[in-house]
Amino acid sequence: MKIVYYVHDLHFPLREGIRKQAWWLAQAIQKEGHEVEIISTAPINKKIIREGIPITYTKPWRIRLARELQADIIHYLIHPTPMIIPFLLFSKAKAQYLTIHDGALNLFWKRIWWPFLSPIINAKIKKVSVQTDYQMKLLKKSSLKISAGKIAPLLPEFGQNNTKTNRNKVPTLLFMSHLHPSKGIYEVLKAFTVVRKKVPQLQLVIADSGITQNKNIYKYIQKINQEDIILKKTVIPKEELSKAWIYLYPLNTARETFSIPLSLIESIQTKTPYISTNVGGIPEYFGSGSLIPPRNPELLAEKILELIKKPKIHLLKKDIRNEEVIKEHLQLYSFD
């Protein structure tokens with residue numbers, strides 16, 4: 001069986017949860033003996049082969065490519081968008097599936113183009129999958145009339161029990177994301193200015209993926225930096241988490257973020273205490289002891305001080321096994 005995965009802008013090194021899921025899933029299904037290919041929308045047209053998997057980078061509206069594509073399955077790893085219309089309409093796949101990883105489904109049913117796209121989605125997509133009950137409830141608000149279900153995400157593979165830690169000697173806070181207000185970066189910075197008054201030598205490491213270039217945030221960091229804020233670019237999460245005392249990801253909204261933040265799972269795997277917020281489906285997978293309400297830098301500062309004095313790691317509330325996730329995808333692709 002040949003499966004084609006469709007994802008937006010698959011860049012390496014992998015920096016975001018959706019792109020990681022696309023690549024990990026393609027690798028896993030290939031190991032199961034199936035032929036796998038990736039179609040990635042990008043401003044260029046080129047084809048590469050990476051670890052035996054063909055990846056075609058293409059502009060979204062290449063109808064000819066859609067017509068020529070030979071596949072049993074096309075699996076879109078993206079929220080409903082007009083970009084997938086050529087493949088929806090012209091591909092000769094036996095079945096087409098859609099997985100939405102955005103924590104709030106990107107509110108696709110509120111988009112101006114949804115009334116025109118919804119009949120095509122309902123006619124062409126066999127099943128849609130999400131990861132949380134919160135997303136399932138949002139689906140009911142849309143006009144989707146197709147079958148829907150939950151499939152957990154694939155987890156990072158570096159392992160919980162075999163990961164060595166190398167904590168910094170001084171208290172270190174870590175923030176890893178692109179610098180956008182929705183990710184809680186301002187809350188992190190405000191909480192840091194409070195905590196550093198009480199904790200000598202406290203440092204804040206900000207690993208900026210570079211996807212969003214927000215000049216106002218950079219200026220604010222420069223303004224408050226007392227040589228205790230360290231800016232880095234794309235990093236290896238395992239290495240940074242292994243050194244940090246506390247990982248911070250205080251999201252302000254579930255929208256435009258991965259439904260089940262993989263960085264929180266990576267934090268658990270490296271035995272690093274973490275703090276996030278109770279938005280979207282996050283409370284379904286992570287304990288309340290590590291979650292606070294969004295947009296609350298004062299409470300974030302209190303939680304940081306609490307974890308510096310008494311570190312504690314809250315494990316996943318639900319057991320996720322990659323082998324089971326792969327089985328669920330194979331069952332999804334069954335024509336029985």
Side-chain angles (χ1 to χ4, degrees), residues 5-8 16-18 21-22 25 73-85 87-89 93 95-155 182-183 249 251-262 264-265 276-288 291 293-295 316-320 324-336:
Y5 292 101
Y6 182 108
V7 65
H8 176 64
E16 288 188 301
I18 296 174
Q21 292 297 301
L25 185 56
I73 301 289
I74 298 182
H75 191 162
Y76 303 95
L77 306 176
I78 190 171
H79 67 274
T81 166
M83 288 193 298
I84 63 178
I85 288 178
F87 290 90
L88 285 170
L89 293 178
Q96 302 187 68
Y97 299 94
L98 174 71
T99 293
I100 310 175
H101 290 109
D102 183 272
L105 307 183
N106 222 282
L107 302 182
F108 65 82
W109 61 95
K110 294 186 177 182
R111 301 302 186 93
I112 190 172
W113 37 255
W114 180 240
F116 306 99
L117 181 60
S118 58
I120 302 174
I121 295 289
N122 286 322
K124 295 294 184 178
I125 295 295
K126 185 175 181 180
K127 187 169 185 177
V128 60
S129 61
V130 294
Q131 301 79 53
T132 67
D133 291 330
Y134 179 81
Q135 291 171 302
M136 288 293 288
K137 291 177 181 178
L138 291 178
L139 276 178
K140 294 179 180 179
K141 296 181 178 181
S142 73
S143 55
L144 277 177
K145 299 177 182 179
I146 53 181
S147 175
K150 289 193 305 178
I151 300 180
L154 289 165
L155 301 190
S182 67
K183 300 294 184 179
Y249 197 37
L251 298 162
N252 287 334
T253 173
R255 187 179 174 186
E256 295 189 1
T257 192
F258 197 78
S259 56
I260 306 168
L262 298 182
L264 299 182
I265 296 172
S276 189
T277 47
N278 52 7
V279 300
I282 292 177
E284 298 174 34
Y285 283 83
F286 301 94
S288 59
L291 305 180
R295 300 179 180 87
L316 276 174
K317 292 167 63 176
K318 296 184 179 182
D319 186 28
I320 302 176
E324 295 300 321
V325 175
I326 297 303
K327 285 182 181 178
E328 290 187 71
H329 279 92
L330 292 174
Q331 291 172 1
L332 182 71
Y333 302 151
S334 173
F335 293 111
D336 297 336

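All values below were derived from every heavy atom in this structure, side-chain atoms included, with hydrogens, water molecules and symmetry-related copies excluded. Heads up: numbering here begins at 1 and tracks the sequence. Treat the numbers as computed from the prediction; the structure is a model and nothing was measured.
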> Around K150, counting heavy atoms of other residues, nucleotides and ligands shown, do more than 12 lie under 6.0 Å from its NZ?
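Yes, NZ of K150 has more than 12 neighbouring heavy atoms, counting only those of other groups under 6.0 Å.
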> Rounded to the nearest 0.5 Å, how far apart are CD1 of I100 and OG of S142?
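OG of S142 is found 7.5 Å from CD1 of I100.
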> May I ask you to test the L251-P261 pair for a side-chain heavy-atom distance under 4.5 Å?
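In short, these two side chains touch, coming nearer than 4.5 Å.
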> Can any side-chain N or O of E284 pair as donor or acceptor with the backbone N or O of D133 at less than 3.5 Å?
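Pair found, side chain donor or acceptor close to backbone of D133.
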> Quick check: are there more than 12 heavy atoms from other residues, nucleotides or ligands sitting under 6.0 Å from NZ of K140?
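Atom NZ in K140 is not packed in, count stays at 12 or less.
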> Do the non-hydrogen side-chain atoms of Y76 and Q96 ever get within less than 4.5 Å of each other?
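Yes; the side chains approach each other to less than 4.5 Å.
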> Out of curiosity, N106 CG to T257 OG1, how far, rounded to the nearest 0.5 Å?
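With rounding to 0.5 Å, CG (N106) is 11.0 Å from OG1 (T257).
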> Could you check if a side-chain atom of W109 sits within less than 4.5 angstrom of a side-chain atom of L139, using non-hydrogen atoms only?
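With C-beta onward as the side chain, the pair stays apart.
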> How many angstroms lie between atom OG1 of T132 and atom CD1 of I282, to the nearest 0.5 angstrom?
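These two atoms lie 9.5 Å from each other.
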> Closest approach of P115 and P119, non-hydrogen atoms and distance?
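Smallest heavy-atom distance, with atoms named: O-CD, 3.3 Å.
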> If I take atom OH from residue Y6 and atom CG from residue L88, how far apart are they, to the nearest 0.5 angstrom?
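The OH atom of Y6 sits 9.0 Å away from the CG atom of L88.
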> Tell me if a side-chain donor or acceptor on Q21 pairs with a main-chain N or O of L154 at a distance below 3.5 Å.
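Indeed, once roles are kept as given, a pair shorter than 3.5 Å links the two residues.
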> Does L332 offer a backbone N or O that forms a donor-acceptor pair with the side chain of Y97 under 3.5 Å?
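Yes: the side chain of Y97 pairs with the backbone of L332.
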> How far apart are the closest heavy atoms of T253 and S182, and which atoms are they?
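T253 and S182 have their closest heavy atoms at CG2-CB, 3.8 Å.
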> What distance separates L98 CG from K126 NZ, expressed to the nearest 0.5 Å?
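It is 14.5 Å, given to the nearest 0.5 Å.
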> Are the side chains of V325 and I151 in contact, using a 4.5 Å heavy-atom criterion?
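SC-SC contact between I151 and V325 confirmed.
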> Is it true that a side-chain atom of N278 and a backbone atom of L291 form a donor plus acceptor pair closer than 3.5 Å?
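Answer holds: no.
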> Going by heavy atoms in the side chains, are W114 and S143 under 4.5 Å from each other?
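Yes, at least one pair of side-chain atoms sits under 4.5 Å.
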> Check step by step if side-chain contact (heavy atoms from CB on, under 4.5 Å) holds for F108 and L117.
CA-CA 10 Å; F108 65 82; L117 181 60; over 6 Å; no
> Give a yes or no on this: more than 12 heavy atoms of other residues, nucleotides or ligands lie within 6.0 Å of atom NZ of K317.
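Yes, NZ of K317 has more than 12 neighbouring heavy atoms, counting only those of other groups under 6.0 Å.
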> Taking side chain as C-beta onward, heavy atoms only, is F286 less than 4.5 Å from I260?
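Answer yes - side chains close enough.
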> Side chain of S147, backbone of K127: donor and acceptor closer than 3.5 Å?
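A pair under 3.5 Å: no.
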> So do I78 and M83 actually touch side chain to side chain, heavy atoms under 4.5 Å?
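SC-SC contact between M83 and I78 confirmed.
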> Mind listing the closest non-hydrogen atom pair of Y134 and A104 along with its distance?
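Answer, listing the atom of Y134 first, then A104: CE2-CA, 4.4 Å.
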> Is the backbone N or O of Y249 less than 3.5 Å from a side-chain atom of S276, with the two atoms forming a donor-acceptor pair by type?
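Side chain of S276 to backbone of Y249, a donor-acceptor pair under 3.5 Å: yes, one is there.
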> Start with the C-alpha gap between I120 and I84, add the side-chain angles, then the distance that decides, and say whether side-chain contact (heavy atoms from CB on, under 4.5 Å) holds.
CA-CA 10 Å; I120 302 174; I84 63 178; over 6 Å; no
> How many angstroms lie between NE2 in H329 and OG1 in T99, if you round to the nearest 0.5 Å?
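It is 5.0 Å, given to the nearest 0.5 Å.
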> With no hydrogens and no angle check, is any side-chain donor or acceptor of Q135 less than 3.5 Å from a backbone partner on D102?
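Checked: pair present.
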